[in-house]
Structure formats: structure tokens, C-alpha cells
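What you see is a predicted model; the values in this text were computed from it and never measured. Naming: A, B, ... by sequence-line order, numbering from 1 per chain.
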Amino acid sequence: MTTLKAVRGTRDLLPPETALWNRIEATARRVFARYNFGEIRTPVFEDTSLFARGVGEETDIVSKEMYSWEDRARAQSEKSQSLTLRPENTAGVVRAYIEHKLGETGQLQKLYYIGPQFRRERPQKGRYRQFSQIGAEVIGPPSAGSESPLRDAEVLEMLATLLDELGITGWQLHINSVGSSADRARYNDTLRAALVPLAHKMCADCQRRAVTNPLRVLDCKVPEDQPIIETLPKIADALDEDSKSHFAAVCAALDAASVLYTRNPRLVRGLDYYTRTTFEFTHGGLGAQNALLGGGRYDGLSEGIGGPKAPGIGFAMGEDRLVLTLQALNQGAAPPQVDAYIAPLGESLNPAALALARELRRAGLSVELGDGSFRLKKSFDAADKAARRIVILGEDELASGILTVKDFSTGIQSKVPRAELAAHLAQPAA
RNA sequence: GCGGCUAUAGUUCAGCGGCAGAACGCCUGACUGUGGCUCAGGAUGUCGUGGGUUCGAUCCCCACUAGCCGCCCCA
């Protein structure tokens, strides 16, 4: 019989790494709360058409990376339905915004989520088929200020703060504006036309991109192509006046808040719904997956899936990549040390050891419980790895109520009355 | 989906067409209630899975699976 394994592109997270995941999530929740975001939890699967209409039929995500299946009809009268594991969470959040008529509140909605997403891609380090994203959306009717460049800048400033508080040093923020969807379509045509006489001088990938996806030519990393790319029309020149001034206002607000960024006129994102501001936080040391998070404004998404006008801006950060980055920065989780390790001497002391452990744990201490069958030497060995102090519980200690405690950091051994034990163990190690 | 590299002990990895190896970790003892250092001893395992070549395959060949790197694309 073949042994079962986690399926391709999925994996188990084990201690102590899970402690790092919890720290990241706790930090994100703490920062989001300071900016008055509330948590939203949407279903892990949705109607397939939500993603087809929201993310874009022609995107790679929708055309070849979704986990979709036909949910069978239970009765003759019931139609079967195509369902899909969510490949990203923005479409689900906007669907919920529409479904619950959150626009009718007249208030700006500030929502964050943390959870698994699914894409059927070739797995690589930092790219899994089930991956976790931490994201947030600011969305609402225009009267609530949802189109204001201040919202863009606030989200970016929040992200800079979040990365700082996570302990990620050396991040870079790249921002750009892709304009309205009309601007974008017009620029796409301009670029395609401009590439016609140039493409044959470029790399094979670019020759293909020039036809299939001209915007991607801007991302080319081949050194020989760079001079040609420099001569191509800039998207900034294709923007209408509103988009230009909006982008200028975003930059001005970032300057005022001293958030460092780079204007990157080549930054184009892969999802169809992005308009105006797009951005990406990157970090070296992630290989080809150098993006920690990405996002942008999506002023037409709600209407695109049948909702009211509800401009918004949001981002999604790859939690797996935050973990990799923090580990690379030597901020991975160390095995935890409990306050005390209780070593009963002899199996007859085991019941008394449990009673003592219960007493200490109820006092709020973290306690590891050994076993009376261990020789004391073995208990010391285990205790030294797991705990700051060892508490020895033998016949003498049980009878006298005076316990033997040794502090591993100082090597000092002392006798502590049971009534004072919890307080003694609560003291920080010397 | 395409191309390249890889798969051997719990972990990181050597290795060779003829008995399966090291380091670290683990277990036992020296030391009957005292860890870290030291010393002595011990167990590590379907050599990824299936087929082929061969007297004989962990090694060579093929397929599959998985991981890593790159491409596409993206968090």
C-alpha cells in the first residue's frame, strides 16, 4: 500500500513554524485594528462566474489556474452549478459587499481577511497551490470618499507600517497608475502598434508578448531589450487628466507621510479589474517570487459583477512569502521555553506530579510534565531543552512540601516551599 | 503547461555494478537524586514508486510521482 502524502503544492505547517504564522497574523490584526479595519470571512468556494467576471476571463488565473468542479444537482428540478475554490479574495469581498448592500450604509467599508486561496500552478518555493493571503479592501460609494487618493495613500502607509512591525527590513514599494479601463485599453493598442516595427529585434519571449500581451513586454528582464523598452510609449502619457491628478495626489500624500516609494512606470498587474493606482512591495531573497504583496485600485469591479458603483482599493500579501522572508532575516521562530519542567522521581510520584502541574498551570505558568520512569539524568536533559527551570518532585519533596528548583541559566539550585513555588517560577530567568 | 537539476537514516548529505556510510540528532552506560563538556557502546533505512538491462541494480536505461530552479504568470 502506498503511503498517503499531502497532495502536490500543499503542505503541513508544524511547530515551531506555526508560532511564526501566528505572530504574523496577530501583528496584522493589531495593525489593521489601529486603522479601523474589521474582519470579513467569505466562503472558500464561490460560483465560478464570480471569478470569470470579476478577475477576468482572459487572465491566466481564470483561464488555466482555477480549481473548479461541477456541483451535481440533487433533484431533477435543480440545476448543477460550477463552483471554484477562490483563487483570490477581492472578488468574494466585493460580492459580499453587494449581497449585503453595504453601500446602502453610506459608510466606507474597511475590511480585512486572512485565509487560504487556491491556484493550480506549478509549485515552487513561495508558490503553493494552497496558499494563505492576508489582505484588506477599502470600498464604498463615492460619497463616502472611496475614490479619494487619500485612501490609496493611507493603505500604502499602513502596509509600510505593517511590514516594519513584522520586522521585515529592506522592502521596496513600487507604484504606478494604469489609469481608467479606457486609458488602459487605449495604451494597450498604442503599445501593440509601437511594437510592430521593434519586436523582431527583441527576445523570443517579447516577440510573443508583443502580440499576446504587450503590457508584459515592459516586465522583460533581458538586458539587451532594455534600451528598446525605454523608447516605448509610457503609460503615464496615456492617462486622462483625472487619473494623472489622482496619481499625483497619492504621491503627494506619501511624501507628506515620509513613506519611501519608487515610481515604476512598468508596473502592470495581471488582474483585469485594476484601475489607476497599482503597487507592489518587493523583497530580495525570494528568488523569482520577489513580490511580498500586490494590490491596487478597482473602481469598476463592483459594477462589473452586477453591483452598484463602489470604487475601492485593496491588496493581498502572500503569507507564505512573509514567512520565508522573516526566516531569511533570521527572525524565524525558536522553539518555545516553558516556565518549568516537573520531574517526578519514580512512577509512584506521577499522580502527585500531575497535581503539582495543575496547580502551576492554573496559576498561569507554562509547564511541561516529565515522567517518573525517566532517570533523573534523562529528565534534566529533556528539561534543559524545553524549560527555563526544573522542579524536582521526589519522596522527600512530597513529604516536606519543600521543592527542589534549579535554574538553568544560572545553575543555582534552591529549595522552595510549595506555597511560594508559582511566584518563584514566575520570576524572569536571571 | 514548458525546460533543467534532484530524490540514500529523524535531519543535512557522501557513496559505489558485488555486506548500506558520515556528521548532527536519538537510545544505553561510565555517573543508583543532578543537565550542558567528555568517553564507551547501540539502533537507525523498502537507497521515492514501477518496469527494463544484468549472474547480480541503491548505482545504468525508461516511465511515473514529488521537490527545487527557471519560463509563463503571479502573492
Side-chain angles (χ1 to χ4, degrees), chain A residues 1-11 14 55-56 58-65 87-90 115-135 159 203-206 208-209 212-213 215-216 219-222 267-271 274 278-283 286-296 314-325 341 343-346 349 370 372 374-397 403-413:
Chain A
M1 188 159 99
T2 55
T3 50
L4 292 168
K5 299 190 298 183
V7 305
R8 185 170 207 198
T10 70
R11 62 194 178 133
L14 307 171
V55 178
E58 300 305 318
T59 60
D60 272 35
I61 292 176
V62 172
S63 62
K64 58 185 197 193
E65 293 172 3
E88 59 98 54
N89 218 329
T90 298
Q117 320 291 336
F118 306 84
R119 286 181 204 170
R120 201 177 181 292
E121 295 179 285
R122 180 83 158 227
Q124 252 179 65
K125 185 183 284 291
R127 186 214 307 231
Y128 304 98
R129 291 183 169 186
Q130 174 176 334
F131 57 102
S132 183
Q133 283 188 334
I134 299 174
L159 284 166
C203 70
D205 281 336
C206 280
R208 179 174 43 72
R209 290 174 183 134
T212 59
N213 193 351
L215 289 178
R216 280 286 147 211
D219 270 351
C220 182
K221 295 169 191 91
V222 177
L267 179 67
V268 291
R269 317 223 78 250
L271 279 53
Y274 284 120
T278 60
F279 57 87
E280 198 169 86
F281 283 76
T282 60
H283 195 276
L286 280 171
Q289 281 69 50
N290 69 341
L292 281 174
L293 68 94
F315 65 88
M317 56 206 305
E319 205 175 353
D320 306 74
R321 294 185 184 180
L322 291 179
V323 169
L324 284 172
T325 303
Y341 181 101
L345 296 182
L349 276 299
F374 296 165
R375 295 185 45 194
L376 187 57
K377 179 175 142 59
K378 179 170 171 174
S379 293
F380 259 87
D381 218 27
D384 192 25
K385 289 189 179 75
R388 298 190 293 131
R389 296 186 179 93
I390 187 170
V391 176
I392 297 167
L393 179 64
E395 295 292 351
D396 295 349
E397 283 84 357
L403 292 138
T404 304
V405 178
K406 186 160 183 177
D407 188 312
F408 286 121
S409 53
T410 61
I412 295 171
Q413 185 160 312

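Under 4.0 angstrom from either OP1 or OP2 of C68(B) there lies no side-chain N or O belonging to R122(A). For G70(B), one of the phosphate oxygens OP1 or OP2 lies less than 4.0 angstrom from a side-chain nitrogen or oxygen of Q124(A).
Taking every side-chain heavy atom of F380(A) into account, U34(B) is the closest of C73(B), U34(B), A75(B). Taking the side chain of R375(A) as heavy atoms from C-beta on, and the options C68(B), U32(B), A66(B), the nearest nucleotide is U32(B).
Counting non-hydrogen atoms under 4.0 angstrom, G346(A) reaches nothing in the nucleic acid. Residue contacts shown for A316(A) are limited to sugar-phosphate atoms, with no base heavy atom under 4.0 Å away. Residue contacts shown for Q413(A) include a base, since a base heavy atom lies under 4.0 Å away.
The shortest distance between side-chain heavy atoms of R11(A) and Q130(A) does not fall below 4.5 Å. Within the 4.5 Å cutoff, the side chain of T10(A) has no heavy atoms near those of the F118(A) side chain.
Taking the six-membered ring for Trp and thresholds of 30 and 60 degrees, F315(A) and F279(A) have ring planes inclined between 30 and 60 degrees apart.
Residues D396(A) and K385(A) both approach RNA chain B. Their nearest nucleotides, taken by heavy-atom distance, put K385(A) toward the 5′ side. Positionally, the nearest nucleotide of RNA chain B for R8(A) lies more toward the 5' end than for the other of K64(A) and R8(A).
D384(A) contributes a side-chain N or O that forms a donor-acceptor pair with the base of G35(B) under 3.5 Å. For R119(A) and A75(B), a side-chain-to-base donor-acceptor distance below 3.5 Å is present, hydrogens and geometry of angles not being considered.
When rounded to the nearest whole Å, the span between CD of Q117(A) and C1' of C73(B) equals 17 Å. In this structure, the CZ atom of F374(A) is 16 Å from the C1' atom of U34(B), given to the nearest Å. Atom-to-atom, CZ of F315(A) to C1' of A75(B) comes out at 12 Å; the value is rounded to the nearest Å.
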Using a 3.5 Å limit on both pairing distances, list the dot-bracket string of RNA chain B from the 5' end; Watson-Crick and G-U wobble pairs count, crossing pairs take [ ], interstrand pairs take |.
(((((((..((((....[..)))).(((((.......))))).....(((((..]....))))))))))))....
Using nucleotides 9-11 of chain B, report all nitrogen or oxygen pairs with the protein that are shorter than 3.5 Å.
none

Restricting both atoms to N or O, compile the protein contacts to nucleotides 38-41 of chain B shorter than 3.5 Å, with distance only.
none

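Only the P atoms considered, A40(B) is 36 Å distant from C59(B), to the nearest whole Å.
G36(B) has no base stacking with the ring of F408(A) when judged by centroids under 5.5 angstrom apart and an interplanar angle below 30°.
Against the 90° criterion about 0, the sugar-base torsion of C19(B) places it in the syn range.
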